[in-house]
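Notes for the one structure printed next.
Hydrogens, waters and symmetry mates play no part in the numbers below; they use all other heavy atoms, side chains included. These figures come from a predicted structure and were not determined experimentally.
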Amino acid sequence: LWDPFMPASRSFGQMLDAMNQMLETGAMPTPAPSMLPTIQRRSSGRLPWDVMEDEEAFRMRVDMPGLARDEVKVSIVDDGFLLIKGETSKERKEGGDKWAARSVGSYESRVMIPDNVEVDKITAELKDGVLYVTVPKKKIEAKKPVEIQV
């Protein structure tokens, strides 16, 4: 669950910029999606996180394989950071073996959320080892233009 591409704190904009830069410079193991038909894929890997923005919300997808719902925590901390944390510790014995198989892992990431979001409406869902987080944007009503007499 260690992620070499995710610093401790990053904003949604920085995450989008980093993804675009990796696609443009070829730092990723796979080419940009628009190039897939013409270039043979070099690897089946992808980043363990993904973020996109549309008119309604910022949407994140974070790989968290092997973690159960109760092992994943999503919260708002330090006035404006989305904290995504996962931690597991499992032990099992197989057959007559005296030694137990242990699996320990943790993941923590902080993402700075912009001011134009509705913090109380953030949702998170863990499905098949993937965490989906939706951060809705505030609705900004268009103001009527005010004419100034000249």
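- How far CD of Glu71 is from OG of Ser89: 9.0 Å, rounded to the nearest 0.5 Å.
- A distance of 9.0 Å separates CG in Asp63 from OH in Tyr107, rounded to the nearest 0.5 Å.
- Every residue two or more places apart in sequence or in another chain was checked for a side chain to side chain donor-acceptor pair (under 3.5 Å) with Asp70, and none qualifies.
- With a 4.5 Å cut-off on side-chain heavy atoms, Asp50 and Val62 do not count as touching.
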Report all side-chain donor-acceptor pairs from residues 120-142 shorter than 3.5 Å, counting only partners two or more places apart or in another chain.
residue, atom, partner, partner atom, Å
Lys121, NZ, Glu118, OE1, 3.2
Lys137, NZ, Glu53, OE2, 2.6
Lys137, NZ, Asp54, O, 3.0

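- The closest side-chain heavy-atom distance from Val117 to Phe58 is below 4.5 Å.
- Crowding of Asp115 atom CG: a count of heavy atoms from other residues, nucleotides or ligands under 6.0 Å not exceeding 12.
- Cluster partners of Val146 are Ile148, counting Ile, Leu, Val, Met, Phe, Trp and Tyr whose side-chain heavy atoms approach within less than 4.5 Å, directly or via other members.
- A heavy-atom distance below 4.5 Å is not found between the side chains of Thr88 and Val104.
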Would Met60 and Ile84 count as a side chain to side chain contact (heavy atoms under 4.5 Å, CB included) if you check the C-alpha gap in whole Å, the side-chain angles of each, and the deciding distance to 0.1 Å? CA-CA 11 Å; Met60 293 181 64; Ile84 300 171; 3.8 Å; yes
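- Asp78 meets the salt bridge (Lys or Arg N to Asp or Glu O under 4.0 Å) test with Arg110; sequence neighbours excluded.
- Residues Leu83 and Ile76 are not in side-chain contact: their nearest non-hydrogen atoms beyond the backbone lie 4.5 Å or more apart.
- Here the straight-line distance linking atom NZ of Lys73 with atom NZ of Lys85 works out to 9.5 Å at 0.5 Å rounding.
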